[in-house]
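Here is the structure we will look at.
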Amino acid sequence: MSENKKLVWIIGASSGIGESLVPLYAGAGWRVVVSARNEQKLQALAQDNENTESVPLDVTDGAQVAAALDRFQQRDEVPDLTVFCSGIYYPGGIKMLTEEFSVASMDTNYQGAVRVIAGLFPLLKKKGSGHIAIISSLSAYSGLPNAVCYGPTKAALNNLCESLKPEFDKAGLHLTTINPGFVKTPMTDQNKFPMPFIVTAEHAAQKIFKGLQTRKFEVFFPSFLGFVLKFLRVLPYALYFPIAKRITKQ
Ligand SMILES: NC(=O)c1ccc[n+]([C@@H]2O[C@H](COP(=O)([O-])OP(=O)(O)OC[C@H]3O[C@@H](n4cnc5c(N)ncnc54)[C@H](OP(=O)(O)O)[C@@H]3O)[C@@H](O)[C@H]2O)c1
């Protein structure tokens, strides 16, 4: 890997949106480190893309996240950009609300991001520059049916990013929350309900790639669905629930 190129760490790169981000960054001349649990998929990505290295890890294991951060430090480098894409999704309502599914969802989607942010922040602060982007979801804006385990993890992520933003600003660092609508990936292939305005993983990756260049706090898409959901979340509940019920055909 060449030393003077920008370095992006894509976590959750073995599939879906994360996987589609890899050729965009590699093609734009970045060095890319890809992480997830599926070592075979990561190896294939490293073979198929320029300047791409595989660092397998499970974000639910703090020691594995720490080891990946140590690996950067041993090379005297810190990622210029880290995109946290790891996530799991158990679709469904009350029947899916078990401790097992709820804890697993939080451990990957929320605590996984916490492990990465908490480990990276001091390194970025010391370096004086850097950008962390967390893929959350439009479902973070307000509670939606069929997402009783998933939605709360994403709401927590957005709240976390809002809480951290002032400290990132103070340290001269960038933090972005990415809120996609429906994207066709193995995650949404499980859904048995209509997914309005669904886009391909490649389209989503393009939106994220371009959006992160602006270094804005939030990247969201598709715009129409995003604005509708932003409007719904400011409504009083007496109006919110009937509209949400109609939209989600519950
Ligand atoms: N698809 C959508 O409509 C949509 C909409 C809004 C937000 N999102 C969010 O976008 C992100 C990417 O989702 P996707 O749709 O691309 O789904 P996906 O194709 O299922 O990809 C999920 C990624 O997360 C990784 N992952 C899961 N558990 C992990 C763990 N314990 N440690 C490390 N990596 C782990 C998976 O890799 P391994 O299994 O190899 O570990 C995979 O690379 C997720 O945060 C998701 O919530 C998706």
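Counting from 1, the numbers follow the sequence of the chain as shown. Below, each value reflects all heavy atoms present in this structure, side chains not excepted, and no hydrogens, waters or symmetry copies. Whatever order the structure lists them in is the order used to number ligands and atoms, beginning at 1. Since we're looking at a predicted model, the values are computed, not measured.
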Inset, instruction - Decide whether an N or O pair under 3.5 Å exists between I17 and ligand 1. - result: yes
Inset, instruction - Would you indicate which of S105, S136, G181 comes nearest to atom 7 (C) of ligand 1 when only heavy atoms are counted? - result: S136
Legend entry - Which of the ligand 1 atoms, numbered from 1, are nearer than 4.0 Å to a heavy atom of G16: 16 (O), 19 (O)
Legend entry - Sidechain-backbone polar pair: Q190 side chain, M187 backbone, donor-acceptor under 3.5 Å: yes
Legend entry - Heavy-atom proximity to atom 29 (C) of ligand 1, best of M187, R37, R115: R37
Inset, instruction - Go through the side-chain N and O atoms of N38 and S14 and say whether any donor and acceptor fall under 3.5 Å apart. - result: no
Inset, instruction - Distance to 0.1 Å, residue and atom name: give those for the protein heavy atom nearest to atom 14 (P) of ligand 1. - result: T185 OG1, 3.6 Å
Inset, instruction - Of the side chain and backbone of N38, name the one, both, or neither that has a heavy atom under 4.0 Å from an atom of ligand 1. - result: both
Inset, instruction - Pick one of side chain, backbone, both or neither for how S139 approaches ligand 1, counting any non-hydrogen atom pair under 4.0 Å. - result: neither
Inset, instruction - Decide whether an N or O pair under 3.5 Å exists between T60 and ligand 1. - result: no
Inset, instruction - Enumerate the atoms of ligand 1 whose separation from the nearest heavy atom of A13 is less than 4.0 angstrom. - result: 43 (O)
Legend entry - Heavy-atom pair with the smallest gap, counting every atom of L124 and H131: CD1-N, 4.4 Å
Inset, instruction - Please collect all ring pair (Phe, Tyr, Trp, His ring centres under 6.0 Å) contacts where either partner lies in residues 27-79, sequence neighbours excluded, each pair once. - result: W9-F72, Y25-W30
Legend entry - For atom 32 (N) of ligand 1, closest protein heavy-atom neighbour: V59 N, 2.9 Å
Legend entry - For S136 against T177, the heavy-atom pair lying closest together: CB-OG1, 3.7 Å
Legend entry - SB check K5 E50 (cutoff 4.0 Å): no
Inset, instruction - May I ask you to list the atoms of ligand 1 that are less than 4.0 angstrom from any heavy atom of I135? - result: 9 (C), 10 (O), 11 (C), 45 (O)
Inset, instruction - Can you figure out which of Y150, F84, F182 has its heavy atom closest to atom 8 (N) of ligand 1? - result: Y150
Inset, instruction - Would you mind listing which atoms of ligand 1 come within a distance below 4.0 Å of any non-hydrogen atom of D58? - result: 30 (C), 31 (N), 32 (N)
Legend entry - Distance-only N or O hit between ligand 1 and G12, under 3.5 Å: yes
Inset, instruction - Among all protein heavy atoms, pick out the one at the shortest distance from atom 22 (C) of ligand 1; state its residue, atom name and that distance to 0.1 Å. - result: G87 O, 3.6 Å
Inset, instruction - Quick one: do D107 and R115 satisfy side chain to side chain contact (heavy atoms under 4.5 Å, CB included)? Show the steps, please. - result: CA-CA 10 Å; D107 202 14; R115 291 178 187 102; 2.7 Å; yes
Legend entry - Nearest heavy-atom neighbours spanning R233 and S142: CB-OG, 3.8 Å
Legend entry - P186, S86, C85, S137: member with heavy atom nearest to atom 33 (C) of ligand 1: S86
Legend entry - Non-hydrogen atoms of G181 and L225 that approach each other most closely: CA-CD2, 4.4 Å
Inset, instruction - Give the contacting part of N109 toward ligand 1: side chain, backbone, both or neither, where contact means a heavy-atom distance below 4.0 Å. - result: neither
Legend entry - Test item, K154 contacting ligand 1 (heavy atom, 4.0 angstrom): yes
Legend entry - Proximal atoms of ligand 1 relative to T188 (non-hydrogen, under 4.0 Å): 1 (N), 2 (C), 3 (O)
Inset, instruction - State, yes or no, whether a side-chain contact exists between F84 and I132 at a heavy-atom distance under 4.5 Å. - result: no
Inset, instruction - Measure from the ring center of F197 to the ring center of F221 and say whether it is less than 6.0 Å. - result: no
Inset, instruction - Sort out for me which residue in K216, K165, R215 forms a side chain to side chain contact (heavy atoms under 4.5 Å, CB included) with H174. - result: R215
Legend entry - N or O contact, I88 vs ligand 1, cut-off under 3.5 Å: no
Inset, instruction - Number the atoms of ligand 1 from 1 as they appear, then name those within less than 4.0 Å of a heavy atom of T108, with their elements. - result: 28 (N), 29 (C)
Legend entry - N-O pairing of D80 and R31 below 4.0 Å: no
Inset, instruction - Could you check whether the rings of Y237 and Y240 sit parallel, tilted or perpendicular, using 30° and 60° as the cut-offs? - result: perpendicular
Legend entry - Numbered atoms and elements of ligand 1 in range of L57, under 4.0 angstrom, heavy atoms: 32 (N), 33 (C)
Inset, instruction - Check V8, V32, L42 against V22 for a side chain to side chain contact (heavy atoms under 4.5 Å, CB included) and give me the one that passes. - result: V32
Legend entry - Those atoms of ligand 1 less than 4.0 Å from some heavy atom in S14: 36 (C), 37 (O), 38 (P), 40 (O), 42 (C), 43 (O)
Legend entry - G18, any N or O under 3.5 Å of ligand 1 N or O: no
Inset, instruction - Would you confirm whether T108, through its side chain, and G87, through its main-chain N or O, come within 3.5 Å as a donor-acceptor pair? - result: no
Inset, instruction - Could you say whether the N/O atoms of V183 and ligand 1 ever approach to under 3.5 Å? - result: yes
Inset, instruction - Provide, to 0.1 Å, the distance between atom 21 (O) of ligand 1 and the closest protein heavy atom, together with that atom's residue and name. - result: S15 OG, 3.7 Å
Legend entry - Shortest protein heavy-atom distance from atom 6 (C) of ligand 1, along with the residue and atom involved: P180 O, 3.4 Å
